Amino acid sequence: MSKPTTGEFTKTSGWLDWYEGPSQPRFQLPAGSVDAHCHVFGPGAEFPYAPERKYTPCDASKAQLYALRDHLGFARNVVVQATCHGADNRAMIDALVNANGKARGVATVKRSVSDEEIQAMHDAGVRGVRFNFVKRLVDFTPKDELLEIAGRIAKWGWHVVIYFEAVDLPELWDFFTALPTTVVVDHMGRPDVTKPIDGPEFQLFLKFMREHSNVWSKVSCPERLSVSGPKALNGEQNAYTDVIPFAKRVVEEFPDRVLWGTDWPHPNLKDHMPDDGLLVDFIPHIAPTAALQQKLLVSNPMRLYWPEEI
Ligand SMILES: O=C(O)/C=C(\CC(=O)C(=O)O)C(=O)O
């Protein structure tokens with residue numbers, strides 16, 4: 001992979017660029033595996049970052065993303081609109097239409113989006129919208145506006161991806177359970193992994209999935225959730241052990257409703273930038289059997305993003 005660039009934008013202070021020269025994973029991904037959560041950033045010179053953004057990243061282009069896909073052994077990607085591009089989906093869509101059908105996308109849209117625009121995004125490969133409730137990333141959007149969007153995109157068979165932090169789930173519960181589509185939670189709703197897995201916070205998340213069969217979860221981002229590490233660097237084969245019980249519980253209890261993604265280029269990490277090859281080696285710790293791996297990496301994402309091919 002080529003080096004990260006910054007273009008004409010100035011990166012947020014302390015920004016960590018994605019890891020150059022990731023290792024070759026020891027874990028061999030099943031054929032047809034999908035990286036179901038990753039982003040493209042710009043390049044800013046071609047697709048400028050949104051004026052309302054809360055951070056300015058280093059560039060992370062479609063070519064660099066697809067080089068990583070091939071290096072790690074993934075077959076396909078789901079490119080999720082990142083907040084640094086606001087509701088301007090051009091960089092994400094450009095990545096989709098240049099992927100030979102091997103990428104689908106999740107967009108951010110405003111209430112003002114037209115049916116023609118939704119149809120054009122659908123034709124490009126978009127299959128969902130993302131509602132972000134992480135306060136450091138976005139300004140508040142009224143829930144009636146989001147519900148209206150969810151109702152409209154449901155007609156295209158799209159789903160809603162939600163990103164929130166565990167402490168906010170009680171307050172968001174009524175809204176989330178009113179959504180009319182499949183709902184995909186980013187990074188297990190960001191559990192605090194220093195709290196007990198059987199404590200009220202994570203149990204509420206499990207109840208959310210248990211009582212609502214339309215709710216799926218990405219069991220991604222151990223590098224973001226981990227407190228005690230060790231970090232996926234320097235050949236570490238047992239990284240992020242504090243996250244394993246949480247992700248494994250979700251995979252084992254809901255094997256047909258889980259997805260996995262690299263989260264490349266790992267926006268806003270402050271502590272370290274993981275070696276993506278070692279992140280792939282984390283997968284068998286949370287999905288220990290071949291059957292669970294097949295569902296997590298192939299059957300589930302195919303059912304959600306490429307149902308016409310199965
Ligand atoms: O990459 C992620 O999923 C997480 C992010 C960034 C993000 O969601 C965005 O900018 O849209 C984060 O926690 O900063």
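Predicted model only: the values in this text are computed from it and were never measured. When a ligand or atom number is given, it counts from 1 through the structure's own listing order.
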For atom 14 (O) of ligand 1, the protein heavy atom that lies nearest, with its residue and separation: Asn268 ND2, 2.8 Å

Atom 2 (C) of ligand 1 [closest protein heavy-atom partner, distance rounded to 0.1 Å]: Asp263 OD1, 3.3 Å

Check: Leu29 main-chain N/O paired with Ser33 side-chain donor or acceptor under 3.5 Å: no

Phe164 vs Phe176, ring-ring contact (aromatic ring centres under 6.0 Å, His included): CA-CA, chis, key distance, verdict: CA-CA 11 Å; Phe164 61 93; Phe176 288 164; 5.0 Å; yes

Short N-O contact, Arg190 and Asp168, less than 4.0 angstrom: no

Residue, atom name and distance, where the atom is the protein heavy atom closest to atom 10 (O) of ligand 1: Tyr55 OH, 2.5 Å

Positive for ring-ring contact (aromatic ring centres under 6.0 Å, His included) with His187, one of Phe205, Phe246, Tyr163: Tyr163

For His37, atoms of ligand 1 separated by under 4.0 Å from a heavy atom: 1 (O), 2 (C), 3 (O)

Arg224 and ligand 1 - part of the residue with a heavy-atom distance under 4.0 Å: side chain

Leu137 near ligand 1 by a heavy-atom separation under 4.0 Å: yes

contact_flag Arg190 ligand 1 heavy-atom lt 4.0 Å: yes

Thr83, portion touching ligand 1 at heavy-atom distance under 4.0 Å: both

Short N-O contact, Arg111 and Glu148, less than 4.0 angstrom: yes

Donor-acceptor contact below 3.5 Å, side chain Arg90 vs main chain Glu46: no

Atom 8 (O) of ligand 1 - nearest protein heavy atom and its distance: Arg130 NH2, 2.8 Å

Interfacing atoms of ligand 1 (cut-off 4.0 Å, heavy-atom, His39): 1 (O), 2 (C), 3 (O)

Main-chain N/O of Lys295 paired to Asn300 side chain as donor or acceptor, under 3.5 Å: yes

Polar side-chain atom of Glu223 near backbone of Pro274 as donor-acceptor pair, under 3.5 Å: no

Atom indices of ligand 1 within 4.0 angstrom of Tyr163 heavy atoms, with elements: 4 (C), 5 (C), 8 (O), 12 (C), 13 (O)

Minimum-distance protein heavy atom relative to atom 6 (C) of ligand 1: Pro267 CG, 3.4 Å

Parallel, tilted or perpendicular: ring planes of Trp158 versus Trp156, cut at 30 and 60 degrees: tilted

Non-hydrogen atom of Arg136 closer than 4.0 Å to ligand 1: yes

